[in-house]
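Have a look at the structure below, then the notes.
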Amino acid sequence: MKLVPAFWGYLTVSVWLMLSASPVVAEPAVNEAAVLIFARNGTDENLAVRIERDLRQMYSYAHQIDKRIPLSVSIEPRFDVGHITKRQLSLSRSQFNAAQRALLAKDVDEVKDYLFKARRFYVRAIPYSSDSDLLRGIFYYEYKAAKLAGNQKQEVERYCAYVAIVRALAGSVGPIDQFEPLSEKCGKTKHVGTCEFTLKANVDGAHVFVDNQPVGVVGKTIPYVNPFISAGPHFIEVRKAGYVRWGTLVELKSGGRKRLRAKLKPAKKRINAAEYDPLKAVVLSGTDAHSDEYLTDLLFRMTELYGVSQLQLGYIEPKGNGKLDLTLLSFDGATLERESYTVPNSIDGYRPALTRYWQKRFGKNLSPVDALPDAAKSAPTIFKITD
């Protein structure tokens, strides 16, 4: 018996996901919000991004239930340098097409050479460009090449790698061996079980994404650690507004340890600080505070820059005695609302304030904990079993 995919879509037309570093005025999508929290006056950027992450998850969770609540969108890709173009992905596709022809000709060495180049060009394009159908195709043809070569051990290894990348791209979590058919097929390969994964970064206050899903926060002295990430291939990405995204594709080995360091660079085409931190040059309290009219005009221009219909901004700053001031600003294109809270200077001490804020803003009870991503995404990607 062998496993074959129930659906195979590598010949479909791919969608390019290119985002330019240059600011563009985009037509706002329907009911989308940019969520950004900033640290002021020496407060911890990593704490600010934790608040930002919780708010983004609250918006995304609530939007699934009530479409009147805007969906949170990530604006970090708008600050990419843009020096990587779709050419890398085009080269990858060209090599992949050549591998297909070589496979028909049963030329094993040619197939392997073309697939090696196809994968290399694809990885160079990450995270600026992607084509999930093409990536699945590369992994699947690596399996076909091993099968053509008569290398049974490598054939099983590459097929299980293909199964793992399909599951990762589908948003499934957990090791593939938790499902009996996959455990029987892949139980002796490096793609079963889990791996210990650690990620560090050269900047504070950055978001970590695994397989396009936000999973945590990383800083200079605060690594992202997942001691039980599923073995197999994964997209790893780090994002921070005002910086070029960093990303790569890794294959994690069962029972192993993998350590990476993300090196983010400031966006070269960034015009000024207000482009990604609109509150940096704004005085928000005291006799010199900018007026609400000034803020409204500023935030209106930010909605145009980010291409969203609403903004959810905020900042934290020290208050003394182990406390912080948390100020949240909401802007829907015309109306500015402001709320302030005193919160403990601790990892999760701000969460009750977010719950109160949500109730006041939307009239609904929702806590950041309730909005955490559903761990039940470990359901298997369906594969058909044939003789």
Side-chain angles (χ1 to χ4, degrees), residues 17 19 21 32-39 43-61 63 70-81 126-128 130 168 171 173 197-226 229 234-250 258-267 270 275-280 302 306-308 311-316 326 328 347-348 350-351 354 368-369 371-375 377:
L17 299 179
L19 287 168
E32 291 184 336
V35 180
L36 292 167
I37 305 296
F38 303 100
T43 49
D44 185 5
E45 286 189 69
N46 297 306
L47 180 58
V49 81
R50 287 179 66 89
I51 299 173
E52 181 177 298
R53 178 200 61 183
D54 278 1
L55 272 171
R56 288 185 180 188
Q57 290 172 346
M58 291 172 76
Y59 272 94
S60 295
Y61 176 87
H63 181 78
L71 174 68
S72 170
V73 294
S74 176
I75 61 106
E76 289 84 11
R78 295 182 182 273
F79 299 99
D80 286 341
V81 172
I126 297 171
Y128 312 101
S130 65
V173 297
F197 176 67
T198 302
L199 176 68
K200 296 182 178 180
N202 65 328
V203 297
D204 281 321
H207 293 277
V208 179
F209 288 74
V210 174
D211 302 323
N212 299 317
Q213 298 299 316
V215 295
V217 174
V218 68
K220 294 178 182 178
T221 59
I222 301 178
Y224 167 77
V225 180
N226 185 338
I229 190 172
H234 292 279
F235 281 110
I236 309 297
E237 187 177 345
V238 179
R239 303 178 183 176
K240 181 178 180 178
Y243 287 79
V244 181
R245 287 179 297 163
W246 178 93
T248 190
L249 176 69
V250 297
K258 184 69 174 181
R259 291 174 171 80
L260 293 177
R261 180 174 175 80
K263 296 182 180 180
L264 279 69
K265 300 178 181 179
R270 187 173 64 196
E275 188 178 302
Y276 66 98
D277 184 349
L279 304 179
K280 190 176 183 70
M302 296 305 298
Y306 295 153
V308 295
L311 291 177
Q312 176 65 76
L313 303 178
Y315 63 92
I316 55 174
L326 168 62
L328 297 171
I347 291 179
D348 297 325
Y350 58 86
R351 283 183 166 173
L354 294 189
V369 175
L372 291 174
D374 188 359
K377 291 180 180 178

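Predicted model only: the values in this text are computed from it and were never measured.
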Exercise. Measure the spacing between CD of E45 and CG of D204 and express it to the nearest 0.5 Å.
Key: 5.5 Å
Practice problem: Carefully, step by step, assess R351 and D54 under the rule side-chain contact (heavy atoms from CB on, under 4.5 Å). | Solution: CA-CA 8 Å; R351 283 183 166 173; D54 278 1; 2.8 Å; yes
Quiz item: Closest heavy-atom contact between I37 and A48?
Solution: CB-O, 3.5 Å
Practice problem: Looking only at non-hydrogen atoms, find the nearest pair between Y350 and R50 and report the distance. | Solution: OH-O, 3.4 Å
Quiz item: Would you say the side-chain atoms of S60 pair up with the backbone N or O of R56, donor to acceptor, closer than 3.5 Å?
Solution: yes
Quiz item: Roughly how far apart are F235 CZ and Q213 CD, rounded to 0.5 Å?
Solution: 12.5 Å
Quiz prompt | L260 side chain reached by T198 side chain, heavy atoms, under 4.5 Å | solution = no
Quiz prompt | From E52 atom CD to I316 atom CD1, the distance as rounded to the nearest 0.5 Å | solution = 10.5 Å
Exercise. With the side chain counted from C-beta on, respond yes when V369 and D348 share a heavy-atom pair under 4.5 Å apart, and no when they do not.
Key: no
Quiz prompt | Test item: V210 and I229 side chains (from C-beta on) under 4.5 Å apart, heavy atoms | solution = yes
Quiz item: What is the distance from atom OG of S130 to atom CG of L249, rounded to the nearest 0.5 Å?
Solution: 11.5 Å
Practice problem: Kindly give the heavy-atom pair with the smallest separation between L199 and A262, and that separation in Å. | Solution: CD1-N, 4.1 Å
Quiz item: Nearest 0.5 Å, what's the CG-CG distance between L36 and L313?
Solution: 6.0 Å
Quiz item: Are any non-hydrogen side-chain atoms of Y128 and V244 less than 4.5 angstrom apart?
Solution: yes
Quiz item: For L264 and R239, which heavy atoms make the closest approach, and how far apart are they?
Solution: CD2-C, 4.3 Å
Quiz item: What do the steps show when you test N202 against K220 for side-chain contact (heavy atoms from CB on, under 4.5 Å), and what is the final call?
Solution: CA-CA 5 Å; N202 65 328; K220 294 178 182 178; 5.8 Å; no
Quiz item: Between the side chains of E237 and H207, is a donor N or O closer than 3.5 angstrom to an acceptor N or O?
Solution: no
Exercise. Nearest 0.5 Å please: distance from the CD1 atom of I236 over to the OH atom of Y224.
Key: 7.5 Å
Self-check item: Least distance between heavy atoms, V35 atom then Y59 atom
Solution: CG2-CD1, 4.0 Å
Quiz item: F197 ring centre to R259 NZ or CZ under 6.0 Å, with the angle to the axis within 45°?
Solution: no
Quiz item: Is there a side-chain contact (heavy atoms from CB on, under 4.5 Å) between I51 and V49 once you walk through the steps?
Solution: CA-CA 5 Å; I51 299 173; V49 81; over 6 Å; no
Quiz item: Between G205 and N46, what is the shortest heavy-atom contact and its length?
Solution: N-OD1, 2.8 Å
Quiz prompt | Any side-chain heavy-atom pair of L328 and Q312 under 4.5 Å | solution = yes
Self-check item: 4.5 Å side-chain heavy-atom contact, V238 and F209
Solution: no
